[in-house]
Amino acid sequence: MPLYLRLLFAFGAGLLVAAGFAPADYWPLAIVGTAGLFGLIELAPTRRHAAALGWWWGLGMFAASLTWIATAFTYQAAMPAAMGWVTVVLLSMFLALYPMLAALLARGLVGGGWPRLLVLAGAFMVTEWLRGVLLSGFAWNPLGAVWMEAPGIVQMAQFGGAQGLSGLMVLAGGALWFMAAPGHAAKLRRQGVALVGVLVLCGAAGASLEQEVYYPDNPLLVIVQPNIGQDVKYEPGANGRHLETYLAMTAAALNGGEAGEARTVAAGTGEAGATAAEAAGMRATDGAGRPVAAPNEGIDGAGGAVPDSRPLSEMLARADPGERRRLVMWSESAVFGLPEEDLALRMKLASVLGPRDLLIFGGVAANRDARGEVLTLGNSLFVLDARGVLRARYDKAHLTPLGEYLPMRPLMERIGLARLAPGGIDFTPGPGPRTLVLPGIPPFGAMICYEIIFGARVTEYGQRPAWIANISNDAWFGPTGPPQHLALARLRAIEEGLPIARATPTGMSAVIGPRGRVFGSLPLGTSGTLALTLPPPLPATLYANTGDAMPLGMALVLVLAGVGLSRRWHAR
């Protein structure tokens, strides 16, 4: 077969794998596409050809599954929208280097058959790990994510993470090739069937782990999704209108209205018609004698919260319902302005909260110099109580290149590239994952937007939270980006054994159990509120305790087994 036809088949096999990702979730097609990659490597006459086949396979997979990136470029005026498609192609060409390297290693280190399959599975796990850490990393859509809707298999992520699932997908593709390819001996076909049997057993074992338990004593999560699209977010005068939408929907949900019902709430009033200051019982006053609260009361110097000394069981006890809180969640960048510096803004946000409620929302923090000039900004998650006090703040640590900052700014600006987020001041990264501890609620980790896609980097080392709050703005990402983002959040929940609550402005907001099950969600492009009890965490999984050391160790075992098996066969 001519090389160009092989490359075309490789590209088509990559397209089949892309159909396995959300929202299509045709995971059997992904197995066929992976079998195509392995078969093409088996038949490649040289290592160079194998590398080229791996690259074209990767190009097809990434180009077809990352089209949502192009949509983000339609919401800014600094660059032509066509740059979005250029970015998709260029990024896919770069990301395809990783499966190219895996194919090269599988073809170059060992002979064909089982040794090559084992090496390819191990090499794929290693290169996917590299994809998540090199050059700031882009771990979107690991191959293993196609297992999300396959019964049971995805539960293996609690042992080997996303990379382990990717290795299982390569093994599944190899098993299909052994069974279906013409010219294979009956023994090899039987071995392929046996490997499929092992994968079925993994699925059955995983399915037995999917039972979830709801704790009725846990806090109530109220997630607000106003369906404010990126196309209207920055319209003149829209900031106040959008904030009123958030406030009205929140008040309706907390006071028993229908989800998504728009109900007018008078600014500065809280429950039972009391003013926000009266309901809060605040101690300090401003220059006019009006009661106020310090903006960051309860936040320590490192940006976290003052720990509560009581055991979690006491904080959540049904015997004292007055100690329990409702947790309201708004999306990333839901609030314009600077909450830490704007008392009126904080009081307006607090006006819809009950005395024991907390509001988790996304906004901006200004990092100033000694003269008060803004140097950089923080893409931040804030926690606000009913007195208008900011109880905690988390700054996004893994920023998006071209989205929140412009790498190599002088060069990028010279060639006409700009930042997607409006404004000329770059965001600066925070210190990394944090566990926020507040009275009356389980301690939680905070993740902003696509930080949730990076396995083993979503919780603070040594400070395991009980759940993860993930606020995001998926309005940038068209119809395919949000369901893929949700799938990756579900994968993190399984890896860590932790529930995850997601709030986005346009969908898909959701409450995810620690086994990856979606307990409730709001569809893409809809307005509404989601009120659910926070699910309980599981004991720390093997992956949560070991991180990427476990899948990398598995990969090393697979590669060594393949090399050893190859040498044994050659010695016969």
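The analysis underlying the following values was restricted to heavy atoms, covering all of them including side chains, and did not include hydrogens, waters or symmetry mates.
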With a 4.5 Å limit on heavy-atom distance, are the side chains of L491 and V154 in contact? yes

Atom CG in L534, atom CG in L221: separation rounded to 0.5 Å? 5.0 Å

Which pair of non-hydrogen atoms, one from C202 and one from I153, has the smallest distance, and what is that distance? CB-CD1, 4.0 Å

Looking at every non-hydrogen atom in both residues, tell me the closest pair between P514 and P536 and how far apart they are. CG-O, 3.4 Å

Apply side-chain hydrogen bond (donor to acceptor under 3.5 Å, both in side chains) to the pair D395 and S380, showing each step before the final yes or no. CA-CA 4 Å; D395 291 342; S380 303; 2.5 Å; yes

Checking side-chain hydrogen bond (donor to acceptor under 3.5 Å, both in side chains) for the pair S65/W140: CA distance, chi angles, key distance, verdict? CA-CA 10 Å; S65 63; W140 198 277; over 6 Å; no

Quick check against the 3.5 Å criterion: does S331 have a side-chain atom that pairs as donor or acceptor with the backbone of A503? no

Where the side chain of R116 meets the backbone of A106, is there a donor-acceptor pair that is under 3.5 Å apart? yes

Side chains of M329 and I471, heavy atoms from C-beta outward: is any pair under 4.5 Å? yes

Using a 3.5 Å distance criterion without hydrogens, assess whether the side chain of W147 forms a donor-acceptor pair with backbone atoms of L165. yes

Value for CG (D385) from CG (L359), rounded to nearest 0.5 Å, stands at 10.0 Å

Minimum heavy-atom separation for L349 and V352, please, with both atom names. O-CG2, 3.5 Å

CG of L120 to CG of L558, rounded to nearest 0.5 Å, is 10.5 Å

For S472 and D474, which heavy atoms make the closest approach, and how far apart are they? OG-OD1, 2.6 Å

To the nearest 0.5 angstrom, please state how far the CG atom of L176 sits from the CG atom of L171. 12.5 Å

Quick check: do T71 and F477 have side-chain heavy atoms less than 4.5 Å from each other? no

Residue pair F124 / P142, side-chain heavy-atom distance below 4.5 Å: no

Between E332 (side chain) and N473 (backbone), is there a donor-acceptor pair under 3.5 Å? yes

Residue among L247, I360, L381, T504 satisfying side chain to side chain contact (heavy atoms under 4.5 Å, CB included) with W330: L247

Considering all heavy atoms, the nearest F519-G513 contact: CE1-CA, 3.4 Å

Regarding E451 and R492, does a basic nitrogen lie under 4.0 Å from an acidic carboxylate oxygen? no

Chi angles and distances behind the ring pair (Phe, Tyr, Trp, His ring centres under 6.0 Å) call for H485, Y450: CA-CA 8 Å; H485 206 177; Y450 97 136; 7.8 Å; no

Report the C-alpha distance between M447 and F454 in whole Å, list the side-chain angles of each, state the deciding distance to 0.1 Å, and finish with yes or no for side-chain contact (heavy atoms from CB on, under 4.5 Å). CA-CA 10 Å; M447 289 278 106; F454 297 96; over 6 Å; no

Which distance, rounded to the nearest 0.5 Å, do you find between the CG of L498 and the CD1 of I512? 11.5 Å

Do the non-hydrogen side-chain atoms of V224 and T529 ever get within less than 4.5 Å of each other? yes

Please report whether the ring centroid of F178 lies less than 6.0 Å from that of F38. yes

Hey, does the side chain of N470 reach the backbone of R502 with a donor-acceptor pair shorter than 3.5 angstrom? no

Which distance, rounded to the nearest 0.5 Å, do you find between the CZ of F62 and the CG of L95? 5.0 Å

Residue pair R393 / F382, side-chain heavy-atom distance below 4.5 Å: yes

Provide the closest heavy-atom pair for Y543 versus G455 in the form atom of the first, atom of the second, distance. OH-C, 3.5 Å

Would you indicate whether the side-chain heavy atoms of F444 and L438 approach each other to under 4.5 Å? yes

Taking E128 for the side chain and L143 for the main chain, is one N or O donor matched with an acceptor at less than 3.5 Å? yes

Within a strict 4.5 Å, meaning less than it, do heavy atoms of the R464 and E496 side chains meet? yes

I'd like to know if the side chain of R131 and the backbone of F138 have a donor-acceptor N/O pair within less than 3.5 Å. yes

Counting N and O atoms only, with roles assigned by atom type, does the side chain of W57 sit under 3.5 Å from a partner on the main chain of G33, one being a donor and the other an acceptor? yes

Quick check: does any side chain N or O of E460 sit under 3.5 Å from a backbone N or O of P465, one acting as donor and the other as acceptor? no

So does P442 get a backbone contact from the side chain of W467, meaning a donor-acceptor N/O pair under 3.5 Å? yes

Walk me through it: do V133 and R457 pass the test side-chain contact (heavy atoms from CB on, under 4.5 Å)? CA-CA 11 Å; V133 299; R457 282 178 279 172; 3.7 Å; yes

Pair I452, I468 - check side-chain contact (heavy atoms from CB on, under 4.5 Å), show working. CA-CA 9 Å; I452 201 69; I468 295 173; 4.2 Å; yes

side-chain contact (heavy atoms from CB on, under 4.5 Å) assessment of W177 paired with I41: CA-CA 11 Å; W177 174 256; I41 295 172; over 6 Å; no

